[in-house]
Amino acid sequence: MSESRLWDEVDGYFVSHLAPDDEALAAARRESDAAGLPPVNVTATQGKLLQLLARIQGARTILEIGTLGGYSTIWLARALPADGRLVTLEYNARHAEVATRNIARAGLDALVDVRLGPALESLPKLADENPSPFDLVFIDADKGNNPHYLEWALRLTSTGSLIVIDNVVRGGRVADADDPADDVRGTRAAIELIGSHPRLSGTAVQTVGSKGYDGFALAHVLP
């Protein structure tokens, strides 16, 4: 059996017992596929991990950078209390439209604020609103801007907040300091910022599964 097939089978086993599907999540994937959105959603087990992290944090406010079709948004929003708030930023109008429908179908539209536009334009506008610090930030957008998103996440959080960056392994290319691609350079800059910043303590975890070889970074905001 090939490694990739084995990873798929193991993922399937974990999902069936730990992150089983429901109609809202299945519909979000179907609608995203039908609309031609890129098939780069988090997996079910990764969505469940995000939900657990939000619950462990006791999160009442969540910021998501990169909405896609709203699949990860649904997982995260389900961790919030009835008076919680999730702000999610999406560059692509078609993606935002699909996500808005998916979130409403899941009954979470009262908790979720989908904002359309380039995140580096939306983030200063959000900061101007002087929101309460976000308890959790999930960064899953264009990888070249990862260090900029991380810097904004620091501005919009406070001591004890958690920042999660998805897709940091880049198929192993992240280890190549000479790789000129924007996704690698941006991801390396974010990792190095986590490692050097006095207000961040973080780590990175490599993963395998139905999305292949990947991983994510976690950063805890310090005083």
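Everything quoted here is computed from the prediction, not taken from an experiment.
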Would a 4.5 Å heavy-atom cut-off, applied to side chains only, mark [X] and [Y] as touching?
X: Leu86; Y: Leu63; answer: no
X: Thr67; Y: Thr100; answer: no
X: Val221; Y: Leu200; answer: yes

Is [X] salt-bridged to [Y], going by a charged N under 4.0 Å from an acidic O?
X: Glu121; Y: Lys125; value: no
X: Asp11; Y: Lys211; value: no
X: Arg30; Y: Glu23; value: yes
X: Asp179; Y: Arg173; value: yes

Verify, without hydrogens or angle tests, whether [X] (side chain) and [Y] (backbone) share a donor-acceptor contact under 3.5 angstrom.
X: Asn102; Y: Gly69; answer: yes
X: Ser210; Y: Asp8; answer: no
X: Glu90; Y: Gly66; answer: no
X: Lys143; Y: Val168; answer: no
X: Gln46; Y: Thr43; answer: yes
X: Ser16; Y: Tyr13; answer: yes

Test log, rule side-chain contact (heavy atoms from CB on, under 4.5 Å), inputs Phe134 and Val87: CA-CA 9 Å; Phe134 288 96; Val87 176; 4.2 Å; yes
What about [X] and [Y], same hydrophobic cluster or not, with Ile/Leu/Val/Met/Phe/Trp/Tyr joined at side-chain heavy-atom distances under 4.5 Å?
X: Ile194; Y: Leu53; value: no
X: Leu111; Y: Leu25; value: yes
X: Leu76; Y: Leu218; value: yes
X: Leu123; Y: Val164; value: no

Around [X], counting heavy atoms of other residues, nucleotides and ligands shown, do more than 12 lie under 6.0 Å from its [atom1]?
X: Asp21; atom1: CG; value: yes
X: Glu129; atom1: CD; value: yes
X: Arg105; atom1: CZ; value: yes

Do Arg170 and Asp214 pass the salt bridge (charged side-chain N to carboxylate O under 4.0 Å, His left out) test, and can you show the C-alpha distance, the side-chain angles, and the key distance before you say yes or no? CA-CA 6 Å; Arg170 314 311 301 157; Asp214 207 339; 5.4 Å; no
Would Asp142 and Tyr149 count as a side-chain hydrogen bond (donor to acceptor under 3.5 Å, both in side chains) here? Give the steps. CA-CA 10 Å; Asp142 54 309; Tyr149 296 147; 2.4 Å; yes
In Å and rounded to the nearest 0.5 Å, what is the CH2 to CG distance from Trp152 to Leu89? 11.5 Å
